[in-house]
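Below is one structure, written out as structure tokens; comments come after it.
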Amino acid sequence: MRFAEKTGRTVEEAINACLNELGVERERVKIEVLAEPMKKGLFGLLGTTLAKVRAGYEDCPGELACSFLKDVCDSMGVIAEFNYTQQGQHWLIDISGEELGILIGRRGDTLEALQYLANLAVAKQLAEKVRVIIDVEGYRQRREETLVRLAKRLSDKVKRTGTRVVLEPMNPHERRIIHTALQDDARISTFSEGEEPNRKVVISLKRTAKFPEG
């Protein structure tokens, strides 16, 4: 929460001084009047007491994340646009532009690193814990669809052969996609093995499942 305290001849003047210092619109701030303006002495000849106001507002996690990412992209010489939306406690940041592959990296490694750093940057400025999820030109959705198809195809192979399959190393988010895609399959079991960053998903037959089809 950021605060500003200002005085003025009127409450409105003090409020406007706070808004100017904070650089935000009035709708975003919580205003507390600490002192009303009062005249002192006979007929006000001995002066007046100024109005005093405190105004505060909570930084927007989406704006903080976009500001951080813009600084990172500027330092990399990457031209991009940033938009954010809120879904519950999550803030979704979409980065758009041309030739943004450098922000994704191999298997999304760079994107995951950017997301991790953005969450750290936002957490340092907020009292409330939030989660920031970053996507670049819809990469996450395409990657999720690819992983779901892969999971279904490999689970069919396990059913046919009875031999377990070990996937390539994945980050925690992608491993969850594989587990979720196969969690309702009565014949298939999934689990992760290994240490980060080389932790992998294993797809195998459940012990109670019958041996391969056909």
Side-chain angles (χ1 to χ4, degrees), residues 61-62 65-66 68-69 72-73 76 78 80 82-123 128-214:
C66 287
F68 169 79
L69 292 168
V72 172
C73 287
M76 297 171 65
V78 175
F82 309 88
N83 293 287
Y84 65 86
T85 56
Q86 183 179 10
Q87 291 187 1
Q89 294 299 312
H90 293 176
W91 290 80
L92 310 181
I93 312 299
D94 182 61
I95 305 177
S96 58
E98 297 181 2
E99 300 181 0
L100 298 182
I102 190 174
L103 300 181
I104 298 174
R106 184 171 178 266
R107 295 200 306 266
D109 290 346
T110 303
L111 180 57
E112 289 300 318
L114 281 174
Q115 180 170 289
Y116 174 75
L117 293 174
N119 274 281
L120 286 181
V122 171
E128 182 182 2
K129 186 176 181 180
V130 299
R131 176 166 170 75
V132 174
I133 299 174
I134 302 172
D135 198 4
V136 176
E137 293 285 10
Y139 166 81
R140 289 193 183 278
Q141 181 64 34
R142 296 193 303 274
R143 178 64 172 164
E144 179 172 347
E145 293 170 355
T146 297
L147 289 174
V148 169
R149 290 195 298 269
L150 176 66
K152 301 294 185 182
R153 178 167 58 81
L154 292 180
S155 68
D156 289 341
K157 179 180 178 180
V158 171
K159 292 175 186 176
R160 291 195 308 271
T161 66
T163 303
R164 75 177 199 164
V165 172
V166 181
L167 281 70
E168 64 181 9
M170 295 180 182
N171 61 53
H173 174 70
E174 294 191 339
R175 294 198 302 269
R176 282 194 296 271
I177 293 174
I178 299 293
H179 294 313
T180 301
L182 300 178
Q183 66 182 0
D184 295 327
D185 193 318
R187 301 186 62 201
I188 290 295
S189 174
T190 66
F191 59 94
S192 297
E193 65 179 16
E195 301 295 329
E196 300 289 2
N198 297 312
R199 196 160 171 78
K200 307 172 183 178
V201 174
V202 179
I203 302 175
S204 64
L205 282 178
K206 287 184 178 178
R207 292 184 178 181
T208 56
K210 295 181 179 179
F211 201 74
E213 299 174 343

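What you are looking at is a predicted structure, and each value in this text was computed from that prediction instead of being measured. Numbers here simply count residues along the sequence, with the first being 1.
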Derivation of the side-chain contact (heavy atoms from CB on, under 4.5 Å) call for Ile95 and Asp135: CA-CA 6 Å; Ile95 305 177; Asp135 198 4; over 6 Å; no
State whether the side chain of [X] and the backbone N or O of [Y] hold a donor-acceptor pair below 3.5 Å, judged by distance alone.
X	Y	value
Asn83	Asp94	no
Lys152	Ala181	yes
Gln115	Ile134	yes

Decide if atom [atom1] of [X] counts as having more than 12 heavy atoms of other residues, nucleotides or ligands within a radius under 6.0 Å.
X	atom1	value
Gln183	CD	yes
Tyr116	OH	no
Glu168	CD	yes
Glu196	CD	yes
Ile102	CD1	no

Can you see which heavy atom on [X] is nearest to which on [Y], and at what distance?
X	Y	result
Val132	Ala65	CG1-CB, 4.0 Å
Cys66	Ile93	SG-CG2, 3.9 Å
Leu103	Cys73	CD1-SG, 3.9 Å
Gly108	Tyr139	N-OH, 3.3 Å
Trp91	Gly62	CE3-N, 3.5 Å

Heavy atoms, side chains only, cut-off 4.5 Å: are [X] and [Y] in contact?
X	Y	answer
Leu100	Val136	yes
Leu205	Arg164	no
Val122	Val130	yes
Val202	Thr190	no
Leu150	Leu167	yes
Arg175	Ile178	no
Ile188	Ile203	yes
Val78	Glu99	no

Result of checking Glu137, Glu145, Arg143, Glu144 against Gln141 for side chain to side chain donor-acceptor pair (under 3.5 Å):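 Among the candidates, only Glu145 passes.
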Salt-bridge test for [X] and [Y]: reply yes if a basic N is under 4.0 Å from a carboxylate O, no otherwise.
X	Y	value
Arg140	Glu112	yes
Asp185	Lys206	no
Glu193	Arg199	no

Measuring from [X]:[atom1] to [Y]:[atom2], what's the distance to the nearest 0.5 Å?
X	Y	atom1	atom2	result
Ser204	Phe191	OG	CZ	5.0 Å
His173	Leu147	NE2	CG	8.0 Å
Ile133	Thr85	CD1	OG1	9.5 Å
Lys159	Arg187	NZ	CZ	6.5 Å

Phe68/Leu117 under side-chain contact (heavy atoms from CB on, under 4.5 Å): CA gap, chis, key distance, verdict: CA-CA 9 Å; Phe68 169 79; Leu117 293 174; 3.8 Å; yes
side-chain contact (heavy atoms from CB on, under 4.5 Å) between Ile177 and Val148, worked out: CA-CA 7 Å; Ile177 293 174; Val148 169; 4.0 Å; yes
Intermediate values then yes/no, side-chain contact (heavy atoms from CB on, under 4.5 Å), Ser192 and His179: CA-CA 9 Å; Ser192 297; His179 294 313; 3.1 Å; yes
